[in-house]
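Along the sequence shown, residues carry numbers from 1. Keep in mind it's a predicted model, so treat the numbers as computed, not measured.
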Amino acid sequence: MTAPSASASAEAPHGAAPTTPALANGKASAAPPKVTGENTVELDKIAPPEDKLPLHEDIMQLARLGEIGPIQTLCETGKFNARYKDQEGITPLHRIHKLSSIVK
């Protein structure tokens, strides 16, 4: 009896559907995007958010950019306060802290 070859271990069991072959790095190759209907890609109809604020009023985007001065101005004018949280419960201070830990 001969030992199974390396290619035999990569084959699907008898009766099972073949799987995507793994690349040398152990990851499978990416599937191409699905084309639906009249040659449109599945993700091409995602609309941008309509409630986008201008940068000088978007406290979370300012925090991501590390713009402390405009954030202070928004708080001083009463548009935001120190307890403001986004939909995920994250505050501008969390964002600034995360940015400062990346920069260090």
- [ ] State the CZ-CG distance between Phe80 and Leu62, to the nearest 0.5 angstrom.
- [x] 9.0 Å
Open item on the list: Would you compute the distance between atom CG of Leu55 and atom CG of Leu65 and round it to the nearest 0.5 angstrom?
Closed with: 6.0 Å
Task: Distance, nearest 0.5 Å, that separates NZ of Lys79 from OH of Tyr84 - done: 13.0 Å
Task: Contacts of Glu76 that satisfy side-chain contact (heavy atoms from CB on, under 4.5 Å) - sequence neighbours left out - done: Gln72
- [ ] Hey, could you give me the CD1/CD distance between Ile59 and Glu67, rounded to the nearest 0.5 Å?
- [x] 12.5 Å
TODO: Determine whether Leu74 and Ile68 fall in the same hydrophobic cluster, where Ile, Leu, Val, Met, Phe, Trp and Tyr are linked whenever their side-chain heavy atoms lie under 4.5 Å apart.
DONE: yes
Donor-acceptor pairs under 3.5 Å, side chain of residues 88-95 to any protein atom, not counting sequence neighbours: which ones?
residue	atom	partner	partner atom	Å
Thr91	OG1	Leu93	N	3.4
Thr91	OG1	His94	N	3.2
Thr91	OG1	His94	ND1	2.9
His94	ND1	Thr91	N	2.9

Task: His56 NE2 to Ile71 CD1 distance, which is reported to the nearest 0.5 Å - done: 14.0 Å
